[in-house]
Number of protein chains: 2
Amino acid sequence: MPTSAIRADSALPSTLRHVIALLRVTSRCGVRGAGIEDYLEGTELSRPTVYRLLKGLREEGFLRHSPVRHRYLLGYELLALGAEAGNGGNLRELARPHLFSLAQQFGGSFYLFALDGAHAVCLDVQNGACAVGSFAGTMGGRVPLGAGQASVALLSTLDPAARALVLKQHQARLCGEYHIDISRIEQAVADVHHAGFTRGVEGASLPEFAGVAVTIADPSGRSPTALSCSMLKSQLSEAREAEVILALQDAAGRMAQQIHGLLEPVS
Amino acid sequence: MPTSAIRADSALPSTLRHVIALLRVTSRCGVRGAGIEDYLEGTELSRPTVYRLLKGLREEGFLRHSPVRHRYLLGYELLALGAEAGNGGNLRELARPHLFSLAQQFGGSFYLFALDGAHAVCLDVQNGACAVGSFAGTMGGRVPLGAGQASVALLSTLDPAARALVLKQHQARLCGEYHIDISRIEQAVADVHHAGFTRGVEGASLPEFAGVAVTIADPSGRSPTALSCSMLKSQLSEAREAEVILALQDAAGRMAQQIHGLLEPVS
DNA sequence: TTCATTGTCTCGCCCTGCGAGACGCATTGC
DNA sequence: GCAATGCGTCTCGCAGGGCGAGACAATGAA
């Protein structure tokens with residue numbers, strides 16, 4: 001997808017569309033920073049307009065100058081907003097210490113995921129001594145529901161109708177990109193319901209990793225969340241896995257209690 | 001500052017102003033979520049306009065519905081952009097393992113800060129066994145240069161002229177809000193230059209905490225960064241402090257090497 | 001110096017974002 | 001059940017202002 005930045009379909013105010021396109025272009029250019037030509041190619045704006053908006057975004061802290069001159073990076077204001085966005089219901093702060101001690105104890109990578117429509121979003125990661133990869137990558141990463149352990153766990157919180165819809169929607173990607181068999185996902189979801197955890201569904205990608213995930217029971221009606229981990233297969237013996245599962249379930253249980261504890265009256 | 005969301009001074013496109021105002025209002029409302037009346041009060045927009053923009057922002061993932069109906073929260077797209085924004089130069093990913101093992105070893109809170117104009121921004125935090133507070137709070141938090149250990153360390157990377165300017169600019173806040181004596185900041189900055197670390201300047205706020213900070217030497221011309229820690233004073237004996245300083249300097253040194261190692265040719 | 005490139009400014013057109021108000025559509029009260 | 005309240009959307013016409021063309025300024029490279 002070369003120019004996924006532009007979506008002329010919906011009728012948003014044009015300036016909003018343009019601004020978002022600029023942010024996306026900047027994001028795509030990553031560490032390198034985005035130059036004018038990137039913006040001019042990535043959007044259909046004229047040079048003065050690009051500069052105008054760039055200036056505005058810089059003044060508001062949404063963009064900043066790169067140390068490499070004439071390059072722009074995402075600004076720290078986005079960092080603050082993003083931190084707030086990812087802390088929905090103070091969940092991340094609640095989860096952090098648990099993720100920390102899990103990573104410390106087992107050495108793998110531990111994740112907090114939340115449900116976002118038909119995707120799972122990674123709210124936080126804690127890498128232990130030996131960090132490993134995952135579908136979502138880092139904080140803010142998105143995965144289609146079904147791919148990955150946490151993803152399956154979250155899928156299991158949906159009612160069957162919604163679940164089927166989501167799976168159908170992602171079918172092509174799950175098969176093509178992740179090499180995952182849909183029917184096995186449904187099997188895995190069923191397993192979550194009576195085993196209380198999932199190993200996810202093995203696809204052809206990331207074959208050297210293994211992991212498990214559990215859902216976090218949430219009495220307050222917030223959007224569902226899950227804890228998961230990912231480790232080298234060679235380091236996850238059966239006994240070890242049992243330990244990890246227990247630890248995850250314990251953490252999830254404690255978090256549920258904490259959430260319940262700080263249920264505040266809503267304004 | 002009740003209505004700091006609106007800044008009519010600069011000549012940004014109005015839609016951009018409005019959008020940012022909406023995001024700020026949403027951010028201010030935090031976990032509770034923002035309702036229509038919040039937006040109508042916090043901005044000077046009409047109801048249809050608010051809805052229009054809200055809808056657009058939702059479609060783009062910059063806002064999302066709260067589980068509490070008729071409330072809006074910051075969307076996960078901001079999380080992704082924020083994560084990218086905070087990872088400038090892959091610095092955060094580089095720092096994470098170091099912060100992790102520091103927190104694991106010493107039990108306090110360890111921070112990665114970056115310079116942003118006249119402020120220090122917290123790029124990452126790692127809380128150890130006993131988490132403590134700090135001026136910046138959490139990821140994305142901003143502190144005026146001069147307040148806090150890392151802040152002083154970053155201040156020391158500026159040339160004297162810029163430093164004086166910044167201090168003058170923050171004078172009122174530093175004295176009034178943080179109860180910090182400017183002249184002592186200058187002293188502390190001088191100390192950084194020959195001792196290679198700083199304890200910051202003690203003000204009247206947060207008297208029960210202590211900490212140290214070191215700068216990260218950066219040959220590549222990125223914006224300056226610093227590592228810092230914060231612990232309960234009672235847990236930071238002199239011997240302990242010496243250990244922490246050494247560990248911080250060691251981590252900073254390794255990071256500098258790593259940065260140097262992955263200096264990539266710029267496009 | 002000259003040339004190239006970045007960033008800003010002016011200007012006038014006309015697009016389009018805006019506000020007023022009316023209209024479905026929920027949910028809630030009785 | 002029916003009214004009432006409030007949320008969210010839609011239409012419409014106006015005019016504010018965002019837009020592009022192009023000139024200009026500032027900076028750096030050759």
Side-chain angles (χ1 to χ4, degrees), chain A residues 5-23 25-26 29 32-73 75 117 221 265-267, chain B residues 5-23 25-26 29 32-73 75 117 221 265-267:
Chain A
I6 305 139
R7 293 172 44 183
D9 46 6
S10 178
L12 344 184
S14 61
T15 307
L16 175 53
R17 261 195 349 254
H18 298 159
V19 163
I20 289 177
L22 292 180
L23 290 179
V25 168
T26 313
C29 291
R32 196 196 83 190
I36 305 301
E37 62 272 32
D38 292 313
Y39 294 120
L40 290 177
E41 285 171 21
T43 69
E44 61 234 333
L45 302 173
S46 68
R47 215 158 52 104
T49 304
V50 168
Y51 278 118
R52 235 191 318 256
L53 295 178
L54 249 45
K55 194 179 173 191
L57 286 169
R58 242 182 337 170
E59 282 177 11
E60 295 292 341
F62 282 61
L63 289 178
R64 62 186 221 268
H65 272 123
S66 157
V68 180
R69 319 232 323 191
H70 307 141
R71 284 275 156 79
Y72 298 86
L73 298 171
V266 182
S267 107
Chain B
I6 304 137
R7 294 174 44 185
D9 47 6
S10 179
L12 343 185
S14 61
T15 307
L16 176 52
R17 261 194 353 253
H18 298 160
V19 163
I20 289 177
L22 292 181
L23 290 179
V25 168
T26 313
C29 291
R32 197 197 81 190
I36 307 300
E37 62 272 32
D38 292 314
Y39 294 120
L40 290 177
E41 284 171 21
T43 69
E44 61 233 336
L45 301 174
S46 68
R47 212 157 55 102
T49 303
V50 169
Y51 278 118
R52 234 190 320 255
L53 295 178
L54 249 44
K55 193 179 173 191
L57 286 169
R58 242 183 332 165
E59 282 176 13
E60 296 291 341
F62 282 61
L63 289 179
R64 61 186 222 268
H65 272 123
S66 157
V68 180
R69 318 234 322 194
H70 307 142
R71 284 273 157 79
Y72 298 86
L73 298 171
V266 182
S267 105

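Quick note on labels: first sequence line is chain A, next is B, and so on, each numbered from 1. A quick note: this is a predicted structure, and the numbers were derived from the prediction, not measured.
Candidate nucleotides D:dC7, C:dG17, C:dG19 were compared by shortest atom distance to the side chain of B:Thr15, and C:dG17 ranks first. The B:His70 side chain lies nearest to D:dC7 when the options are C:dC18, C:dG7, D:dC7. Of all nucleotides listed (D:dC7, C:dC18, D:dT9), D:dT9 comes nearest to the side chain of B:Arg58. Nearest nucleotide to the B:Arg47 side chain, out of D:dT9, D:dC19, D:dG20: D:dT9.
Across the protein-nucleic acid pair, B:Arg71 atom CZ and D:dC7 atom C1' stand 13 Å apart, rounded to whole Å. In this structure, A:Leu45 places its CG atom 16 Å from P of C:dG7, rounding to the nearest Å. Rounded to whole angstrom, the span from the CG atom of B:Leu22 across to the C1' atom of C:dC18 amounts to 14 Å. When the P atom of C:dG17 is taken as reference, atom OH of B:Tyr51 falls 20 Å away, rounded to whole Å. One interatomic measurement links the two molecules: NE2 of B:His18 to P of C:dG19, which rounds to 7 Å at whole-angstrom precision. At whole-Å resolution of the value, CG in B:Leu40 and C1' in C:dA20 are 14 Å apart. Here C:dT8 presents its P atom at 9 Å from CD1 of A:Ile36, a figure rounded to the nearest Å. When the C1' atom of D:dC7 is taken as reference, atom CG of B:Asp38 falls 14 Å away, rounded to whole Å.
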Under 3.5 Å between N/O atoms: give me all the protein pairs with nucleotides 12-17 of chain D, atom names plus distance.
none

Where do N or O atoms of nucleotides 24-29 of chain C meet protein N or O atoms at under 3.5 Å, pair by pair?
none

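Among residues two or more places apart in sequence or in another chain, the side-chain contact (heavy atoms from CB on, under 4.5 Å) test is passed with B:Thr49 by B:Leu45, B:Ser46, B:Arg52, B:Leu53. Under the rule for a side-chain contact (heavy atoms from CB on, under 4.5 Å), the partners of B:Leu63 that lie at least two apart in sequence or sit in another chain are B:Leu23, B:Thr26, B:Tyr39, B:Leu54, B:Leu57, B:Arg58, B:Leu74. For A:His65, the ring pair (Phe, Tyr, Trp, His ring centres under 6.0 Å) test picks out A:Tyr72, with sequence neighbours left out.
Put simply, CZ on A:Arg71 and CD1 on A:Ile36 are 9.5 Å apart, with the number rounded to the nearest 0.5 Å. A distance of 10.0 Å separates OG1 of B:Thr15 from NE2 of A:His18, quoted to the nearest 0.5 Å. The CG atom of A:Leu40 lies 7.5 Å from the CZ atom of A:Arg47; values are rounded to the nearest 0.5 Å. The CZ atom of A:Arg17 lies 12.0 Å from the CG atom of A:Leu22; values are rounded to the nearest 0.5 Å.
For the pair A:Pro67/A:Leu73, a side-chain contact is recorded, criterion being any heavy-atom separation below 4.5 Å from C-beta on.
In terms of heavy-atom proximity, B:Thr43 sits nearest to B:Ala21 at CG2-CB, 3.8 Å.
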Checklist entry - Run the side chain to side chain contact (heavy atoms under 4.5 Å, CB included) check on B:Asp38 and B:Arg32 step by step: do they pass? => result CA-CA 11 Å; B:Asp38 292 314; B:Arg32 197 197 81 190; 2.7 Å; yes
Item to check | Pair B:Ile20-A:Phe62, side chain to side chain contact (heavy atoms under 4.5 Å, CB included): steps then yes or no | outcome: CA-CA 10 Å; B:Ile20 289 177; A:Phe62 282 61; 4.1 Å; yes
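Stem list for DNA chain D (at least 3 consecutive Watson-Crick or G-U pairs, distances under 3.5 Å): C:1-5 with D:26-30, C:7-23 with D:8-24, C:25-30 with D:1-6.
OP1 or OP2 of C:dG7 lies within a sub-4.0 Å distance of a side-chain N or O belonging to A:Tyr72.
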